K.L.:
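This is the structure I want to talk about, given as structure tokens.
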Amino acid sequence: MGRHIKKSALVGGNTRADAVRAVHDRYWTRELRSAVLCGVLLFGALVLLDWGLVRLTAVRAGWWAALAVLLLIILTPPRVSATDGGLDARGLVTHRRVRTNRLVTVRMSEGVSPRVILTDTSGGRLMLDPRVLIANPLLWHQLDQGARQSLKQGTLRCGMPVLERLGRRIDGDACRGVLRASGME
């Protein structure tokens with residue numbers, strides 16, 4: 001439940017008191033571990049099945065390993081982190097960043113897998129699963145503070161209702177969690 005904060009170090013190993021603090025998705029390692037476990041279990045099941053049917057060869061084991069790695073790549077979630085004025089999502093291959101203090105639009109895509117779509121003034125575009133923000137109030141706080149700065153500066157043209165709905169949902173979940181923890185549910 002602890003938050004992950006890292007200070008950026010200056011050249012020479014010195015840190016400043018006002019160093020940039022990064023907040024990371026606290027459930028990312030758990031999700032990565034689940035993705036690795038799924039890949040390993042798939043590989044193990046396929047190899048055992050082939051071995052049981054006496055058809056296992058090195059080539060087939062290589063194909064099963066490739067299939068397991070493909071599953072791992074698909075299931076690995078992006079690592080979301082926030083700093084003052086920025087939100088990053090790092091995947092295995094991609095890195096996306098938006099400046100939250102320079103947001104232009106915030107939209108919510110509807111459908112089977114809803115996504116929060118953030119666009120900034122420099123053309124940066126980031127798609128996030130809203131569950132990441134709901135599960136990590138510190139990430140949400142960074143996004144909310146940046147969006148308020150964007151609104152104050154006049155760069156945020158549309159999207160405040162989306163953020164307000166998401167904020168109400170996060171606050172409601174937090175209140176239910178406090179009530180549950182105190183036994184008043």
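Here the structure is a predicted model, which means the values were calculated and not measured.
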K.L.:
What distance do Leu87 atom CG and Arg96 atom CZ have between them, rounded to the nearest 0.5 Å?
P.N.:
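Nearest 0.5 Å value for the CG-CZ distance: 13.0 Å.
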K.L.:
Which pair of heavy atoms, one from Ile117 and one from Ser109, lies closest together, and at what distance?
P.N.:
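Smallest heavy-atom distance, with atoms named: CD1-CB, 4.0 Å.
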K.L.:
Considering all heavy atoms of both residues, which atom of Ala61 and which atom of Phe43 are nearest to each other, and what is their separation?
P.N.:
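Scanning both residues, the minimum pair turns out to be O-CE1, 3.5 Å.
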K.L.:
Is there a path of hydrophobic side-chain contacts, each under 4.5 Å between heavy atoms of I/L/V/M/F/W/Y residues, joining Val104 to Val116?
P.N.:
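Looking at the clustering, Val104 is in a separate group from Val116.
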K.L.:
Any idea which heavy atoms bring Gly86 and Thr100 closest together, and the distance?
P.N.:
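Heavy-atom minimum between the residues: N-OG1, 3.6 Å.
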K.L.:
When you group the ILVMFWY residues by side-chain heavy-atom contacts below 4.5 Å and let the links chain together, are Trp28 and Val80 in the same group?
P.N.:
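Unlinked, Val80 and Trp28 end up in two clusters.
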K.L.:
Looking at Gly123, is its backbone amide N or carbonyl O close enough to the side chain of Asp120 to form a donor-acceptor pair, meaning the two atoms are under 3.5 Å apart?
P.N.:
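Yes; judged by distance alone, with no hydrogens or angles, the pair exists.
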K.L.:
Could you measure the distance from the CD1 atom of Ile170 to the CG atom of Leu139? Nearest 0.5 Å is fine.
P.N.:
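One gets 9.5 Å once the value is rounded to the nearest 0.5 Å.
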K.L.:
At what distance, to the nearest 0.5 angstrom, does CG of Leu72 lie from SG of Cys38?
P.N.:
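SG of Cys38 is found 9.5 Å from CG of Leu72.
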K.L.:
Checking Asp25 side chain against Tyr27 main chain: does a donor-acceptor pair fall under 3.5 Å?
P.N.:
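Side chain of Asp25 to backbone of Tyr27: a pair is present.
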K.L.:
Taking all non-hydrogen atoms of both residues into account, name the closest pair between Ala89 and Pro78 and its distance.
P.N.:
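Closest pair (atom of Ala89, atom of Pro78, distance): CB-CB, 4.3 Å.
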K.L.:
According to a 4.5 Å side-chain heavy-atom criterion applied to Ile, Leu, Val, Met, Phe, Trp and Tyr, with indirect links allowed, do Val162 and Met160 form part of one hydrophobic cluster?
P.N.:
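Yes; Met160 is reachable from Val162 via cluster members.
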K.L.:
Can you list the steps and then say if Asp84 with Gln142 is a side-chain contact (heavy atoms from CB on, under 4.5 Å)?
P.N.:
CA-CA 7 Å; Asp84 291 334; Gln142 293 284 348; 3.6 Å; yes
K.L.:
Looking at every non-hydrogen atom in both residues, tell me the closest pair between Ala135 and Pro137 and how far apart they are.
P.N.:
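That would be O-CD, 3.5 Å.
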K.L.:
Between the side chain of Ser150 and the main-chain N/O of Arg102, is any donor-acceptor distance below 3.5 Å?
P.N.:
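Yes; at least one donor-acceptor contact below 3.5 Å.
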K.L.:
Taking Arg97 first and then Asp88, would you say they form a salt bridge - that is, a charged N and a carboxylate O separated by under 4.0 Å?
P.N.:
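Judged by the 4.0 Å cut-off on N to carboxylate O distance, Arg97 and Asp88 do form a salt bridge.
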K.L.:
Do Thr105 side-chain atoms and Cys158 backbone N/O form a donor-acceptor pair below 3.5 Å?
P.N.:
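No; zero donor-acceptor contacts below 3.5 Å.
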K.L.:
Please report the shortest heavy-atom distance between Leu133 and Trp140, naming the atom on each side.
P.N.:
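Heavy atoms of Leu133 and Trp140 come nearest at O-CB, 3.8 Å.
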K.L.:
Are side-chain heavy atoms of Arg165 and Arg168 found at a separation under 4.5 Å?
P.N.:
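Heavy-atom side-chain distance check passes, below 4.5 Å.
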K.L.:
Using a strict 4.0 Å threshold on nitrogen-to-oxygen distance, state whether Arg115 and Asp129 make a salt bridge.
P.N.:
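A salt bridge links Arg115 with Asp129.
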K.L.:
Is Asp50 salt-bridged to Arg60, cutoff N-O under 4.0 Å?
P.N.:
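Yes.
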K.L.:
To the closest 0.5 Å, what do you measure between OG1 (Thr83) and NE2 (His24)?
P.N.:
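Answer for the OG1-NE2 pair, Thr83 versus His24, is 9.5 Å.
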K.L.:
Give the intermediate values and the outcome of side-chain contact (heavy atoms from CB on, under 4.5 Å) for residues Ile74 and Leu70.
P.N.:
CA-CA 6 Å; Ile74 291 169; Leu70 179 64; 4.1 Å; yes
K.L.:
Does Val69 share a hydrophobic cluster with Leu46, counting links as ILVMFWY side-chain heavy atoms below 4.5 Å and allowing steps through other members?
P.N.:
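Different clusters: Val69 never reaches Leu46 through Ile, Leu, Val, Met, Phe, Trp or Tyr contacts under 4.5 Å.
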K.L.:
When rounded to the nearest 0.5 angstrom, what distance separates CG in Asp144 from CD in Glu164?
P.N.:
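Going from the CG atom of Asp144 to the CD atom of Glu164 covers 9.5 Å.
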K.L.:
For Thr155 and Thr121, which I'm curious about, is there any donor-acceptor pair between the side chains at under 3.5 Å?
P.N.:
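On atom types as modelled, these side chains do not qualify, holding no pair under 3.5 Å.
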K.L.:
Linking I/L/V/M/F/W/Y whenever any side-chain heavy atoms sit under 4.5 Å apart, do Leu42 and Leu56 land together?
P.N.:
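As far as the 4.5 Å side-chain criterion goes, Leu56 and Leu42 are connected within one cluster.
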K.L.:
Should Arg176 and Asp173 count as an ion pair when the cut-off is N to O under 4.0 Å?
P.N.:
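The answer is yes: the pair qualifies as a salt bridge.
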K.L.:
Which distance, rounded to the nearest 0.5 Å, do you find between the CZ of Arg99 and the CG of Leu126?
P.N.:
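Here the interatomic distance stands at 13.0 Å.
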K.L.:
Do Leu103 and Leu118 pass the side-chain contact (heavy atoms from CB on, under 4.5 Å) test, and can you show the C-alpha distance, the side-chain angles, and the key distance before you say yes or no?
P.N.:
CA-CA 7 Å; Leu103 287 175; Leu118 307 167; 4.0 Å; yes
K.L.:
Is there side-chain contact between Ile73 and Val93, with at least one heavy-atom pair below 4.5 Å?
P.N.:
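The answer is no; the side chains never approach within 4.5 Å.
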